[in-house]
Amino acid sequence: MLRLLTGSEPVYISCDKNLGFTKIMALCSISRLLSSSIRLQNPKFSTVRSTAASSADIFFNHLQKNGGNIEKTLVTVKAQVDSKCVSGVLYRCYPSQSQMGLRFFIWAGLQSDYRHTSYMYSKACNFYKITQNPKLLYDVIEAYRAERCSVTVKTFKVILNLYKEAKLADEALWVLRKMPEFGLRADTTMYNVVIRLFCVKGDMDVAESLMKTMSLIDLYPDMITYVEMVKGLCNVGRLEDAFGLFKVMKEHGCLPSTVLYSVLLDGICKFGNTEKAMDLLKEMEKEGGSCSPNVVTYTSVIQRFCEKGQTLEALEVLDQMEAYGCSPNRVTVGCLIERFCVEGRVEEVYRLFDKVVKGGGVSYGECYSSLVVCLKRSRNTEEAEKVFRKMLTSGLKPDGLACSIMIKELCLVGRVLDGYQLFDEIEKIGYLISIDSDVYSLLLVGLCEQSHSVEAKTLARLMLKKRIRLKAPYSDSIGEILKKSGEEELVNHLTAI
DNA sequence: CTAGGGTTAG
């Protein structure tokens, strides 16, 4: 612990290992900066608490009063279910009422006017630590049975999606097996989820037996099932079996899609021989229609060649791609840039840029941004900075990642003012839209550390204007200090924007 | 459902 004097009251700051003394002093000066100048210029900051918390409160209070079969009475609650409300209830129930929280989550997922986004699933999964505590959902299902709750296929889908998010293959399979006990039957989509989990795990025996089970209960594997299976089989090196599945499908009169072809092609590139891969690509081109190779198809082939160091072959595929009328995109170019950088042939990328930009699938700005990222990644920071500055002077728009990387790098090596100037320049030409928000915090702390108070003040003002919150690990420490010096409202604003 | 940029530190 460290005792600091700010104003009349001593302030104690927990001093974690990331926070040296100079940093703490810097944070204190931010505190002073923000409190002295900014607050006065922005009198509206005093009331920032939102009123939208109430819907979660209504549901939570209802849950507290009505134990047991909560789903029955939840219908009577007159409140809107939305994602804010759902996460609100999740937070209130954790950790002492986890089961209730999850039951509410499942119930909410069944409402016709609301659908959990994948973000909500990951939120619920991470917050309740489903991966570490899969039993929580077991218990929910057992509670449904004990209380004779009415459950539907959709109920199980929500639970399955939580296990999917938690990457728990065995538990997901358990959900499928549990359904008949409730008189319910899983559909193809649910099988696909479980098959995918086992494919990712590399447990292809279970995945295969699941696919067999499907036909036994009159369910048909769809294109998604095949894609997952082919990918899984390729990944464990069972190329022949992947090919076999592909052929069986064709024999059944089911035409493989571009995606399926691409997955198989990618597998052959990775583990098979090049000739066979190129034959398959030709076959796709000839077949055309729903089998036509697309950007992804070509890009993955190019990428595999690059990985193997076969730059020439990769470039030939690029030609083949363009001849077929398919435009390379940012990802395609990215692979090739990386390859050129690795080989120390950086000068050659500019000719590549001219070529691919003509296709219309990617711009010079994107090409140069990729180059900056690539150079930085191969520790060629000096060159990266050169390219980046060249972009700015020639009016090319750097993308968010290139900006973030460049500014962060400058801060990291102590050239905070340079970083700020770059930032300022990009901001002035209006190119700063998609920059990482933690870049702002990094810059702000750096500027304070090096006592560039004018710039720090300007930046802080800009952050408030743009409603950019302070990022961890700075937000906590800055927040602490601000709060202890009585700047609670300001903290609310900067951290809870 | 197929390709897929970066993170610092001892």
Side-chain angles (χ1 to χ4, degrees), chain A residues 16-20 23 164 188-189 191-193 195-197 199-200 221-232 234-235 242 246 256-270 280-281 284 290-307 314 317-318 321 326 328-338 341 361-362 365-381 384 388 398-416 419 434-436 438-439 441-442 445-446 471-474:
Chain A
D16 64 284
K17 56 177 176 211
N18 289 326
L19 216 60
K23 261 200 186 135
K164 173 181 137 192
T188 300
T189 323
Y191 268 90
N192 283 345
V193 168
I195 287 174
R196 166 152 238 238
L197 286 168
C199 286
V200 169
D222 58 12
M223 199 58 81
I224 294 170
T225 323
Y226 283 111
V227 167
E228 280 154 7
M229 287 299 299
V230 167
K231 197 180 173 184
C234 286
N235 280 337
F246 185 79
S257 65
T258 297
V259 176
L260 188 60
Y261 259 110
S262 305
V263 169
L264 183 64
L265 183 59
D266 191 50
I268 295 172
C269 285
K270 257 193 239 166
L280 198 66
L281 185 55
M284 290 177 78
S290 60
C291 304
S292 312
N294 61 19
V295 209
V296 180
T297 320
Y298 287 110
T299 302
S300 72
V301 175
I302 290 173
Q303 190 193 26
R304 299 300 160 226
F305 275 128
C306 286
E307 280 169 5
V317 177
L318 183 70
M321 173 181 191
C326 184
N329 65 15
R330 211 186 63 235
V331 183
T332 325
V333 187
C335 306
L336 291 164
I337 294 175
E338 196 193 332
C341 286
V362 62
E366 289 173 308
C367 289
Y368 275 78
S369 296
S370 288
L371 179 59
V372 169
V373 173
C374 213
L375 288 168
K376 165 68 177 48
R377 195 172 44 200
S378 49
R379 316 222 166 259
N380 201 345
T381 312
F388 190 85
D399 66 15
L401 187 61
C403 294
S404 303
I405 279 180
M406 229 42 258
I407 298 171
K408 266 187 208 175
E409 177 63 24
L410 291 172
C411 287
L412 233 59
V413 298
R415 292 170 55 195
V416 183
S434 57
I435 201 167
D436 279 4
D438 57 335
V439 170
S441 300
L442 197 65
V445 171
K471 265 271 170 73
Y474 311 109

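Note that the coordinates shown come from a computational prediction; the quantities given were computed from them, not determined experimentally. Letters A, B, ... are given to chains in the order of the sequence lines, protein chains preceding strands, and every chain is numbered from 1.
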Test for a donor-acceptor pair under 3.5 Å between the base of B/dA3 and the side chain of A/Asp266, counting only N and O atoms.
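Under the 3.5 Å cut-off, the side chain and the base do not form any donor-acceptor pair.
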
Can you tell which of [options] lies closest to the side chain of [X]?
| X | options | result |
| --- | --- | --- |
| A/Arg377 | B/dC1, B/dT2, B/dG5 | B/dG5 |
| A/Asn294 | B/dT7, B/dT2, B/dC1 | B/dT2 |
| A/Asp438 | B/dT2, B/dT7, B/dG4 | B/dT7 |
| A/Val331 | B/dA3, B/dG5, B/dT2 | B/dA3 |
| A/Lys408 | B/dG5, B/dG6, B/dT2 | B/dG6 |

So what does [X] hit on the nucleic acid, given a heavy-atom distance under 4.0 Å: a base, only sugar-phosphate, or nothing?
| X | value |
| --- | --- |
| A/Ser369 | base |
| A/Arg330 | base |
| A/Asp436 | base |
| A/Thr299 | base |
| A/Asp399 | base |
| A/Glu228 | nothing |
| A/Val263 | sugar-phosphate |

Is A/Met406 close to A/Val372 at the side-chain level, that is, under 4.5 Å between some pair of heavy atoms?
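Yes, close enough: below the 4.5 Å cut-off.
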
Contact check, side chains of A/Asp438 and A/Lys408, non-hydrogen atoms, under 4.5 Å:
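A/Asp438 reaches A/Lys408 side chain to side chain.
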
Taking [atom1] from [X] and [atom2] from [N], how many angstroms apart are they, rounded to a whole number?
| X | N | atom1 | atom2 | result |
| --- | --- | --- | --- | --- |
| A/Leu412 | B/dT8 | CG | P | 9 Å |
| A/Tyr368 | B/dG5 | OH | C1' | 18 Å |
| A/Ile302 | B/dA3 | CD1 | P | 15 Å |
| A/Glu409 | B/dA9 | CD | P | 10 Å |
| A/Asn235 | B/dC1 | CG | P | 16 Å |
| A/Leu371 | B/dG6 | CG | C1' | 15 Å |
| A/Leu375 | B/dG6 | CG | P | 13 Å |
| A/Leu410 | B/dT7 | CG | P | 15 Å |

Any side-chain donor-acceptor pair under 3.5 Å between A/Asn329 and A/Thr332?
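A/Thr332 and A/Asn329 do have a side-chain donor-acceptor pair below 3.5 Å.
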
When you check the phosphate oxygens OP1 and OP2 of B/dT8, does a side-chain N or O of A/Arg379 lie under 4.0 Å from one of them?
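Looking at the OP1 and OP2 atoms of B/dT8, neither is under 4.0 Å from any side-chain N or O of A/Arg379.
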
Of all the heavy-atom pairs spanning A/Ile407 and A/Gly419, show the shortest one and how long it is.
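Reported closest heavy-atom pair: CG2-O, 4.0 Å.
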
Identify the two heavy atoms, one from A/Cys326 and one from A/Asn294, that lie closest to each other, and give their separation to 0.1 Å.
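Looking at all heavy atoms of both residues, the closest pair is SG-C, 3.7 Å.
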
Using atom types as modelled and distance alone, determine if a side-chain donor or acceptor of A/Thr299 lies under 3.5 Å from a backbone N or O of A/Val331.
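No, the answer is negative, given that no donor and acceptor are paired below the 3.5 Å cut-off.
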
